[in-house]
Amino acid sequence: MSQSNLVTPAVASLMAGYSLKAHNTFGFDVCAQFACLIEREEQLLAAVRDPRVAGLPRLVLGGGSNVVLTGDFAGLVLLVALRGRRVVREDQDAWYVEAAAGEPWHEFVAWTLAESMPGLENLALIPGTVGAAPIQNIGAYGLEMCERFASLRAIELATGEAVELDGDACRFGYRDSFFKREGRERFVITSVTFRLPKAWQPRAGYAELARELAARAGQADGEALQPSAQAIFDAVVAVRRAKLPDPLELGNAGSFFKNPVIDAARFEALKRREPEIVSYAQADGRVKLAAGWLIDRCGWKGRAMGAAAVHERQALVLVNRGGASGAQVLALARAIQRDVSERFGVELEAEPVCL
Ligand code: EPU
């Protein structure tokens with residue numbers, strides 16, 4: 001862990017009574033008591049040390065794609081808009097690519113491919129920013145971000161110190177990291193460095209991706225193909241567009257629940273009752289269940305409670321059909337959790353941060 005101190009400007013440009021509607025992908029119309037646009041690292045400390053916000057809670061927002069805002073925020077919202085991306089280092093085995101926290105994730109992935117550095121293509125089209133990616137260790141179509149992670153730079157708000165954290169320090173898990181636990185509210189991630197191995201191999205085993213690749217190549221078995229990184233990128237984009245709503249058209253935060261992981265004995269009992277249950281064996285012997293399937297089976301797909309609804313093509317995604325509040329989405333989530341618990345005895349855990 002390396003440390004350095006920042007020079008803090010004397011005055012922060014705080015905006016009072018600032019609307020967050022454009023800063024959360026659910027499109028909830030709530031206000032921040034204060035907000036500050038962070039385009040340079042030094043602005044961070046000026047903002048949090050401003051006497052007007054002393055003692056107030058803080059919230060860091062990148063793309064706002066993994067948060068449920070249930071009301072006005074009586075505190076300081078830091079809108080991270082740091083930009084820039086570059087290859088910091090290259091050795092025989094890999095490229096090390098750094099991107100500032102405010103870079104839009106998908107644009108960054110597209111850029112690495114355009115620069116002939118494959119490795120992130122399975123994570124195409126995930127909404128949000130680079131700085132948010134490590135917090136929940138984004139993952140999709142057979143790849144998790146932690147597999148391409150080298151290190152990140154963050155500012156510890158209490159001390160103003162910049163720290164560099166490696167993968168071990170970040171304690172990545174399935175949709176989880178240090179920043180969702182002990183590190184919560186303490187750090188602002190300012191940049192992330194990825195390690196993209198030069199010995200690239202396609203990762204095309206995820207059933208839906210394999211099917212899409214095979215269909216595109218006019219073959220029966222996608223897994224036997226040797227698709228290019230660009231072909232995987234294109235296929236992932238197509239699969240996501242087909243079933244996941246575009247937040248610009250229909251407010252949502254991606255998967256609303258984590259896929260629950262249960263022990264083998266419980267799974268066997270469940271499987272006897274529900275032979276079609278969709279599951280994935282884990283390395284530790286436990287079994288991950290497809291929460292979307294559980295919710296679908298309870299009849300929730302496409303159903304609504306007011307303007308809060310379950311998406312028609314993927315039951316794991318809750319949407320704002322227009323004018324819903326965060327509280328209404330949470331009420332819908334609770335109704336779903338209750339039904340899934342009653343029918344399957346499985347507790348669903350919300351995936352986005354609920355405030
Ligand atoms: N399924 C249903 N009905 C549904 C939804 C899913 O039966 O309404 C079944 C599908 O047929 C499939 C299985 O459940 O057999 C899994 O569905 P899918 O492939 O869509 O993936 P998921 O497990 O529902 C996870 C991630 C997604 C990621 C996809 C692809 C989580 C919480 N979600 O969803 O991530 O894109 O896998 O890798 O792990 C996100 O985190 O925001 C997100 C979208």
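Atoms within each ligand, like the ligands themselves, are counted from 1 in listed order. Just the heavy atoms: all of them, side chains too, but no hydrogens, waters or symmetry mates, feed the values below.
- No continuous path of hydrophobic side-chain contacts links V317 to V237 [ILVMFWY only; heavy atoms under 4.5 Å].
- With L316, L209, L348 as candidates, the residue nearest to atom 34 (O) of ligand 1 on a non-hydrogen basis is L316.
- The shortest N or O to N or O distance between Q136 and ligand 1 is not under 3.5 Å.
- By the criterion of a heavy-atom distance under 4.0 Å, the side chain of Y280, and not its backbone, is placed next to ligand 1.
- For ligand 1, one of its N or O atoms has an N or O atom of Y141 under 3.5 Å away.
- For ligand 1, the polar-atom distance check against D296 finds a nitrogen or oxygen pair separated by under 3.5 Å.
- When N259, N252, V310 are ranked by how near their heavy atoms come to atom 23 (O) of ligand 1, first place goes to N259.
- Around atom 15 (O) of ligand 1, the closest heavy atom drawn from V278, L123, L294 belongs to V278.
- Checked by distance only, ligand 1 and A290 stay at 3.5 Å or farther apart across all their nitrogen or oxygen atoms.
- Considering each of Y174, F256, Y206, W293, the one bringing a non-hydrogen atom nearest atom 18 (P) of ligand 1 is Y206.
- Between K198 and D93 there is no salt bridge, since no side-chain nitrogen of the basic residue lies less than 4.0 Å from a carboxylate oxygen of the acidic one.
- Polar contact with ligand 1: absent for R313 (N/O pair, distance under 3.5 Å).
- Distance check for atom 30 (C) of ligand 1: a protein heavy atom is found below 4.0 Å.
- Among protein heavy atoms, atom 10 (C) of ligand 1 sits closest to K243 NZ, 4.8 Å.
- Among G292, G142, S255, P352, the residue whose heavy atom lies nearest to atom 33 (N) of ligand 1 is S255.
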